[in-house]
Amino acid sequence: DTEVTQTPKHLVMGMTNKKSLKCEQHMGHRAMYWYKQKAKKPPELMFVYSYEKLSINESVPSRFSPECPNSSLLNLHLHALQPEDSALYLCASSRQITSTDTQYFGPGTRLTVL
Amino acid sequence: GNSVTQMEGPVTLSEEAFLTINCTYTATGYPSLFWYVQYPGEGLQLLLKATKADDKGSNKGFEATYRKETTSFHLEKGSVQVSDSAVYFCALSVGAGGTSYGKLTFGQGTILTVHP
């Protein structure tokens, strides 16, 4: 089973709302990732967690707050977003953070900020 | 730094035509190379990968060979189907420490449309 699940599938929020995106995997992977993908562009890395610790933050604005409560779960908390934050948010996981390990992606959450 | 350059699209082919999507890279260190495919409205799926020079990755009739001398990883398929219509991303990952560790660097993506 190489499935990464993400909820919700779609999310519409106002600029003053607080919402969360959820990602789950049961493959025993110890690395988890958040990516942002704009239309017709490749995914851009936001955060990397390794063994539940934040390993990489790609200078993401503080209105995005990641959380890894356990090895299977990854959340992305959203607060005071801007319309330009509207995008597809992809979660991925891999066995570990190495160059040879495959990252498995979820289907994404399509976020619209009004 | 690390970068991936893919041939510009979109690419439009008839069913059963031969497909090549060019991919070249620059990397500090020894990268692993990947092809991912994204169908409309979905996340990315790994299509194939290669982790060392001269390795050939293959899956679902697609193939790509890791060419260190030309820093290339071109994707090929002998006979495309309508169901192959998607966006294809070439990507690399570099290990051995540093801030690149665990980070996938993607090309811009190539939109493939296959007509019956």
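Computed from a predicted model, the values in this text were never measured in an experiment. In the text below, chain A, chain B and the rest are named by the order of the sequence lines, each starting its count at 1.
Few gaps surround CZ on Arg30(A); more than 12 heavy atoms of other groups in view lie less than 6.0 Å from it.
Tyr35(A) has its side chain within reach of Leu104(B): a pair of non-hydrogen atoms, C-beta onward, lies under 4.5 Å apart. In this structure, Gln38(B) and Gln37(A) have side chains that are in contact, with non-hydrogen atoms separated by less than 4.5 Å. Proximity of Leu90(A) to Leu44(B): side-chain heavy atoms (C-beta onward) are separated by under 4.5 Å at one or more points.
At a heavy-atom separation below 4.5 angstrom, chain A is approached by Phe89(B) within residues 77-89 of chain B. Annotation: residues 45-74 of chain B contacts chain A through Leu46(B), Lys49(B), Thr51(B) [non-hydrogen atoms, separation under 4.5 Å].
Met27(A) and Met32(A) fall into different hydrophobic clusters, defined by Ile, Leu, Val, Met, Phe, Trp and Tyr side-chain heavy atoms under 4.5 Å apart, directly or through other members. By the criterion of side-chain heavy atoms lying less than 4.5 angstrom apart, applied directly or through intervening Ile, Leu, Val, Met, Phe, Trp or Tyr residues, Phe105(A) is not grouped with Leu73(A); the two fall into different hydrophobic clusters. Residues Phe64(A) and Leu54(A) share a single hydrophobic cluster, defined by chaining ILVMFWY side chains whose heavy atoms lie under 4.5 Å apart. Grouping the Ile, Leu, Val, Met, Phe, Trp and Tyr side chains by contacts below 4.5 angstrom, directly or via other members, places Trp34(A) with Tyr49(A). Grouping the Ile, Leu, Val, Met, Phe, Trp and Tyr side chains by contacts below 4.5 angstrom, directly or via other members, places Leu45(A) apart from Leu111(A).
The residue among Gly108(A), Cys91(A), Pro107(A), Pro43(A) with the most heavy atom pairs within less than 4.5 Å of chain B is Pro43(A).
Contact between Tyr36(B) and Thr102(A) at its shortest, heavy atoms only, is OH-CG2, 4.0 Å. Between Gly107(B) and Pro42(A), the shortest heavy-atom distance links the atoms O-CB, 3.3 Å.
Here the OH atom belonging to Tyr30(B) is positioned 12.0 Å from the OG1 atom belonging to Thr100(A), to the nearest 0.5 angstrom. Atom CD of Glu44(A) and atom NZ of Lys103(B) lie 9.5 Å apart (nearest 0.5 Å). Taking CZ of Phe106(B) as the reference point, atom NZ of Lys41(A) lies at 14.5 Å (rounded to 0.5 Å).
The contact between Gln108(B) and chain A is made by backbone and side chain atoms together, counting heavy-atom distances below 4.5 Å.
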